[in-house]
Every structure is written in structure tokens, then in C-alpha cells.
Amino acid sequence: MTFRKILLSWYRKNARALPWRGTRDPYVIWLSEMILQQTRIEQGLPYFHRFMAAYPDVGALAAASEDELLKLWQGLGYYARARNLLKTAREVIEKHQGTFPGNYNDLLKLKGIGPYSAAAIASFAFGEKVPVTDGNVFRFLSRYSGSVIPIDTSQARNNIRDLAYSLMGDVDPGTFNQALMEFGALHCVPAQPVCHSCPFSHACAAFQTGQVQQIPNKKSKIKVRYRFFHYLVCIFRDVRNSPVMAVKKRQGKDIWRSLYDFPLIETQTIRLPASQELQIPQPLRQLLKTKPCWTSPEIKHVLTHRTIRSKFYLYDLPSRITAQHLPDGYRLISPEDFHSLAVPRLIDKVWRERIEPRIKKIVAKQMTF
DNA sequence: AACGCGGGGCA
DNA sequence: TGCCCAGCGTT
């Protein structure tokens, strides 16, 4: 039996029924691939369904606003994917007459589509013979070939890609690619793979030499750094005396770019220094001279390469305010409308669990004078 | 080549 | 905690 025969036989018995399998519509495949980058299928699945319902085709997606798209993307992480999604949808509509490029090289030119995604779309939708090389494939084939070259080097990746190409044959590259990834995802798993029931164990170099636990080898380790965020939640009153809060859309190349959050002071420790010691814009400096009506305990938010240690300060300010009083980039929003903004998971949780209930109390108290 | 970018699940 | 997940863009 060839590698290919064994793999396809395993796949026929074990393949999961996933909603983007069994279609050749490049839009559906592209959308699923963008959602699934660095994301577990179980985590991405509900997002995929919501996106398909909201944007059934690339034209519908191209007509969306960035804020609307990001709201739907909220909680998935890696928000550049959502911005690239919109950019590419508009590119396909405006420069490709609504039709996705039909080959690997042209797909690669689109924003958000790298070597893996281009190969996935080209093989699944168009039957092009290009091997997909995702984390599952790297793990499976580096074990199969017994390669101890660190997987986070271009040399190792090129070797795996060439090996995958040499194994895939000429018939139905899309199904071969699906099967290759599925085997890595379900059988040749990162920790404690079940080698004694593996259909490849007789030919697997890592298993034969007892190196399964050491492969794939990795060169660089993740180093976690701390960041300290102090969020100032400011409640003002608008011209009709209704509560409004100041929020800001995050800019620059930092974390959570293009999501909304509250006025933020970042420090080097969890202690918030006195206002005169801080290099901060004038409106916030004024604010820090008054006392917050509520201060949160430290709230940790753990990411892969960062741990955000945050505190929230709630200010109930009787003063009336209009948007002109605020620094550039800020806007005002009522507490009832806050849920319509795309915000980081940290903000979403703290808002729902700790801040919104307190604001409701404050507002209710003032209504019943 | 190295780094930054989210969030969740698992050992 | 550390590692990984249907990676990509930037520097």
C-alpha cells in the first residue's frame, strides 16, 4: 500500500463532516480558511456559521463596514484577519469582477492569504496540485520522516512541503490535502499520539527510532511579557443629561488594533503613579485629580505571548460634555449602545460582569431623586 | 530570520 | 505554566 492509499483509506473512515467540505465555492473555502488560521475548528465553527448567515457571498461581505465586521469577529483574536478579509473582499469585487483568482500564485497576492491558505483554496476549490502545509502537516510529516531540524526554520518547512508534494499523486489533490491535515489533527496529535494504532507506524521514522516525543523539534520558545493597563471609565452627561462614556478606537500597530476600548494609561508596574508623574494628555490628567467612585481589583488577561495586568477605575462625572471636548480619536457612546462596539475580550468581560451593573445602579439612583 | 498578533483548551 | 491551534504581515 502506498502512503496515499493508506491515508485516503483512513480518511474515508474518520473524516469529520465540516460545513466547508463538499463545496468548491472559493468564497466559502476562503472564509473558512481565514477564520481557522491559528484557530481550533471548534472555536471557529460558530463564527463561520454567523459569517455565512450575515454575508452569504463575497459581494455582501465587501459591502460591510469595518466596525460591523469586527463586531462579528469579536472574540476570535488576530483582528488583522478581519481587516484583511474586508480588504480582499473589496479587491475581488472591484478588481476581479467578483471572482476569486483561480490559481495558487494569484491567490497569494491577496491580503491575508499566505502559502498555506493559497494552497488550501487552490487545491480545494480548483483542484490544483499544491501541498498544504499547516501545523498538522508539519507535525505529522516531520515525525514520519524523522526530521529533527527545528520546524520553525525555512529549511524544515521546505523539506516537508517537498515531501508532501512527492506523496500526493495527481488525482484529487484537494482530498489528499484534507486527509493529510485531518490525520494530523485527529491521530498524529501533539501530545501522546496513539502510535500503536497508527496505520503509518511501520514506516514512521520517529516511531521506529523512539523519537515521537521529541519531534517536531522547535528552536524558539515563547517568552511571556507583562503589560499594565489602567482603564479610566468616564461617565459624563450629554446635552439631554443622559449618561455617556468616552471610548477610543485603538490605532497604530499595537495589540487590539481597530477595536474599541476606554481611555487607557499604560504603566511599567501595577501601581498607578500620581498624575503629575505621568506623561499623559491633559484631559486624563484632570480626571486623575478626582476620585473614582469605584476601583476594580487587578484583573489578569492571559494571552499567548502577553499577560495583561489591568485595573479599571469608574468615574461618575456630573459635568456635561460634547464630543468637541474630547481629544482626537475619542467618541462618546451611551451605556445602552456599548454592546454594539467591537471590543477586546478583556473589556467585554469586565464590562458585563463589573461595570455595566454599577452604571445601572448609578443611573437608577439619579432618576429617583 | 525574528517578531508581534488573541483567545481558548489541555496536560 | 507552557504549548498548540487549518498563519500572516512587517521589519
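Lettering follows sequence order; numbering is per chain, from 1. Computed from heavy atoms alone, side chains included, the values below leave out hydrogens, waters and symmetry copies.
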### Summary
The first and last nucleotides of DNA chain B lying within contact of chain A, meaning any atom under 4.0 Å from one of its heavy atoms, run from dA1(B) to dG9(B)
### Any residue meeting salt bridge (Lys or Arg N to Asp or Glu O under 4.0 Å) with D162(A), in chain and number order, not counting sequence neighbours
none
#### Entry: Which residues share a salt bridge (Lys or Arg N to Asp or Glu O under 4.0 Å) with D328(A), sequence neighbours left out
none
Results of side-chain contact (heavy atoms from CB on, under 4.5 Å) for [X] - residues two or more places apart only:
| X | value |
| --- | --- |
| D152(A) | P150(A), K218(A), K219(A), S220(A) |
| P292(A) | T295(A), Y313(A), Y315(A) |
| A15(A) | Y11(A), R21(A) |

## Note on the structure
Note: with side-chain heavy atoms under 4.5 Å as the link, the other cluster members for Y104(A) come out as L108(A), V130(A)
With heavy atoms under 4.0 Å as the rule, sort [X] into base, sugar-phosphate or nothing.
| X | answer |
| --- | --- |
| H301(A) | sugar-phosphate |
| S220(A) | nothing |
| D254(A) | sugar-phosphate |

### Query
What residues, two or more places apart in sequence or in another chain, satisfy ring-ring contact (aromatic ring centres under 6.0 Å, His included) together with F207(A)?
none
### Query
Along nucleotides 2-9 of chain C, 5' to 3', which nucleotides get a B, which get an S, and which get a -, given that the test is a protein heavy-atom distance under 4.0 Å?
-SBBBBSS
### Query
With rounding to whole Å, what would you report as the distance between dC3(B) and dA6(C) at their C1' atoms?
22 Å
### Query
Looking only at atom P, what distance separates dC8(C) and dG8(B), rounded to whole Å?
22 Å
### Message
Does either side chain, that of Y27(A) or that of D57(A), offer a donor lying less than 3.5 Å from an acceptor on the other one?
### Response
no
### Of I255(A) and K219(A), the one whose closest DNA chain B nucleotide lies more 5'
K219(A)
